[in-house]
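Residue numbers begin at 1 in each chain, while the letters A, B, ... track the order of the sequences. Remember, it's a predicted structure, so these values are computed and weren't measured experimentally.
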Number of protein chains: 4
Amino acid sequence: MRAMGGEERGDRRRTQILDAAARVFAERGYHRTTVRDIAREAGIADGTIYLYFSSKQELLLGLIAQLGRFAERRADFAEAGAMDLRDFSRSYLALRFEQVRETRHLFTAVLPEILADAELREGFSERVTEAYEAADAELARRARRGELGDLDPQLLTRVAAATGLGLLVLAILEEPVLAERWDELPEFLTRLWFDGLPRERG
Amino acid sequence: MRAMGGEERGDRRRTQILDAAARVFAERGYHRTTVRDIAREAGIADGTIYLYFSSKQELLLGLIAQLGRFAERRADFAEAGAMDLRDFSRSYLALRFEQVRETRHLFTAVLPEILADAELREGFSERVTEAYEAADAELARRARRGELGDLDPQLLTRVAAATGLGLLVLAILEEPVLAERWDELPEFLTRLWFDGLPRERG
Amino acid sequence: MRAMGGEERGDRRRTQILDAAARVFAERGYHRTTVRDIAREAGIADGTIYLYFSSKQELLLGLIAQLGRFAERRADFAEAGAMDLRDFSRSYLALRFEQVRETRHLFTAVLPEILADAELREGFSERVTEAYEAADAELARRARRGELGDLDPQLLTRVAAATGLGLLVLAILEEPVLAERWDELPEFLTRLWFDGLPRERG
Amino acid sequence: MRAMGGEERGDRRRTQILDAAARVFAERGYHRTTVRDIAREAGIADGTIYLYFSSKQELLLGLIAQLGRFAERRADFAEAGAMDLRDFSRSYLALRFEQVRETRHLFTAVLPEILADAELREGFSERVTEAYEAADAELARRARRGELGDLDPQLLTRVAAATGLGLLVLAILEEPVLAERWDELPEFLTRLWFDGLPRERG
DNA sequence: CATGAATGAGATTTCATTCAT
DNA sequence: AATGAATGAAATCTCATTCAT
């Protein structure tokens, strides 16, 4: 321990504080949470937080940054170029849903605040848009090869993202069926999207 | 004006205040909005708000109630029993997406706050669960008649709801493509869900 | 009724309002009572009060004035000059204690507020001092004739006044023994003051 | 200073705040005094008060508690059992009047508020009643031994208490003669009560 | 005269942030 | 580095008072 560099120890404190913040934000929301609540949860004094973060707002931004870093751990679409779309979908979704399960409380802490404030919404939108661009390009490529039928690639990107986002929201709401059957979703979505509901008989 | 009944005038004031509240909550979020902000937006004095709402919190609950009343204006699943599922889907989605467009700012004002607070989350979950029950029953019935293929009806309900909810979240984020092409979504979703993506060739 | 002069009707309203004010002030105190409370108690609208009193403070002063007018209905000390002091004491006390019983709630409403505020205290002190002057003069006259033994007439005035005031305070506090036996006090006090407690035996 | 225990420093702050509160309450009354007034008087910031008292009301209750603790420093009636009643009276009154002189401003701050509010009145009455019980018992014992002549012991307790209370009220009103001659009162009262005014001559 | 909806000044209280220890 | 007492800006809410009807 004593051998740990000062910087590393500082990082550990930052993480300890951010984790505590995520827990209490998730429970009561950013605004209803006091800096003292966070300090208590982290087991440190109020003032100590300000040695690592310049303001309460900075804590929120720190959590948003964590979420961003997390989002970047994505399967690379480019690498997926060669894969069968259906297989890619299933494995990509499996990865994502696994990640979301681990970090649900981080989303719970952060997403409401992002949605609540016009400025944060804008910042978040930009990042999401960047993420779309890669997906849009890849799907456009596949569309040109006829892999999407006549479904519009841009809408498909948004609808797929929306479905994931909506499931995340329901998870935040602790919807009991989804809580129980979360792992079935990658397979279920893949079947829904690729096979569709049965056409009208006859 | 003079002829207006006292009760009616009171109702009008309530609505005027709730509308103002929705606008400013949507812009800055519930907590960053002061009661004074709301009064300014409504063009009245601070104290007047308290003649119609006993607290700021009560304003939020008033908006949630509006949302609830709005949500109840739903196409009745029972009546839809005889319809072709694909046709029902398209017309139901069209109705819903139209409704959401009208009340997007109400959702923007209220949803983040619901997601932020564990207690509100619980209350909201209960109402959503009630709504599921009707849909679950109807889809189970259709499943027994083979109309859903081998897709699980409970998951289907959640995934469809999640897709709508996720699109709403993207709308709150003012995603530009969706803002532009919102009206295409009922048709797009119906095609996606019923026809699916093309199966792998060969 | 219709024949009643406008002024007289106005006086009646004033009295109605003052009575209502006395009742609610006595219960919750001047500051905890709202103008609306008074209006409700009087069975009129808030604004109507301001047709008869220019402010809430003016209501309090109105009640203090009532108390003052009441205090002036005093047995005239000059007229009592010829009476036996013991007889005067008994009959004077009987009158006073009877008056106090009738107007206890007026005292309850007003006295705390007088004691609470340095300015009102001063005004009240001046009036009490004026009342003392007559009593002081009369007692000094009797002292010169040896009727008080060697008891200082100024202190005697204060102690007698204090005893009455203290009993009033206990009545405000609803002391149960005094509530029950209030009428015995004039006789009791006269016996105590004129006969005294028994001297040490032996 | 540096050596002072945290608890002791906290107690000192509490006392500092209560003292300041007593001073300003005595001057302007509880309700006309703002928390800011108290903070200014104590030489601290508004918010600091709330580190030691959870509300303004709690400050008042704190002062009432101080008064209660003060009232308990009473000469024990039981121990006085053997004393000559006249001697006991004089020394007991001397103690009490000395105490009251020291804490007049505390009474000034608190008594009006107790009298103003029905709920506080009730609480105060109960404590006063408890105090009476000891005195009642002791006087009843002496009455059985004929020490009170035919004076009713219960009324005597109330009248004696009322006299003290009334003198306190006059002191709150800053009656000038009493302010000047306060120390003569124990002796004066003892002479009045035990020797009485002279009987009618002849 | 009477009403009661509207006003807005002012009070209490909270809590992010600072800084002496 | 860590503490936590102190700060004071800012928010919610109350209520005496006004005035159009």
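Nearest-nucleotide assignment on DNA chain F puts the 5′-proximal partner with D:Gly43, out of B:His31 and D:Gly43. For the pair D:Ser55 and A:Tyr30, both in contact range of DNA chain E, the more 5′-proximal nearest nucleotide belongs to D:Ser55. Along DNA chain E, the nucleotide nearest A:Ser54 and the nucleotide nearest C:Thr48 are compared for position; the residue whose nucleotide lies closer to the 5' end is C:Thr48.
Atom pair B:Asp37:CG and F:dA10:P shows a separation of 13 Å (rounding to whole Å applied). Look at CZ on A:Arg14: it is 14 Å from P on F:dA2, rounded to the nearest Å. Taking atom CG on A:Asp46 and atom P on E:dC19, their separation rounds to 16 Å, with Å as the unit. Atom CZ in B:Arg40 sits roughly 11 Å away from atom P in F:dA11 (whole-Å rounding). One interatomic measurement links the two molecules: CD1 of D:Ile38 to C1' of F:dG8, which rounds to 17 Å at whole-angstrom precision. Rounded to a whole Å, the CG atom of A:Leu51 is 11 Å from the C1' atom of E:dC19. Spacing between atom CZ of B:Arg28 and atom C1' of F:dA11 amounts to 13 Å, rounded to whole angstrom units. For A:Leu59 and E:dC15, the CG to P distance is 16 Å, given to the nearest whole Å.
With E:dA2, F:dA2, E:dT13 as the candidates, the nucleotide lying closest to the side chain of D:Lys56 is E:dT13. Of all nucleotides listed (F:dT17, E:dT12, F:dA6), E:dT12 comes nearest to the side chain of D:Val35. Considering only side-chain atoms of B:Ile44, the nucleotide from E:dT7, F:dT17, F:dG8 that sits closest is E:dT7. When each of E:dA6, F:dA2, F:dA16 is scored by its nearest atom to the side-chain atoms of C:Thr34, the top-ranked nucleotide is F:dA16. Looking at the side chain of D:Tyr50, the nearest of the listed nucleotides E:dA11, F:dG4, E:dT13 is E:dT13.
Remark: F:dA11 base-pairs with E:dT12. Criterion, Watson-Crick or G-U wobble with two distances under 3.5 Å. Using N1 to N3 plus N6-O4 or O6-N4 for Watson-Crick, or N1-O2 and O6-N3 for G-U wobble, each under 3.5 Å, E:dT21 pairs with F:dA2.
More than 12 non-hydrogen atoms from other residues, nucleotides or ligands lie less than 6.0 angstrom from CD of A:Gln57.
Across all strands shown, A:Arg32 has no heavy atoms under 4.0 Å from either base or sugar-phosphate atoms.
For the OP1/OP2 pair of E:dA5 and a distance below 4.0 Å, the side-chain nitrogens and oxygens of B:Tyr52 include no atom meeting the criterion. The side chain of A:Arg13 contributes an N or O atom lying less than 4.0 Å from OP1 or OP2 of F:dA2.
Both tests hold for B:Lys56 against B:Tyr30: distance to the six-membered ring centre under 6.0 Å, angle to the ring axis within 45°.
Ionic pairing of D:Arg32 and C:Asp117 is present here: one or more N-O contacts between side-chain nitrogen and carboxylate oxygen are shorter than 4.0 angstrom.
The main-chain N or O of A:Asp37 is found under 3.5 Å from a side-chain atom of A:Thr34 such that the two form a donor-acceptor pair. Panel note: side chain A:Ser55, backbone A:Glu58; a donor-acceptor pair is recorded below 3.5 Å.
Residues D:Gln16 and D:Arg13 bring a donor and an acceptor atom of their side chains to less than 3.5 Å of each other.
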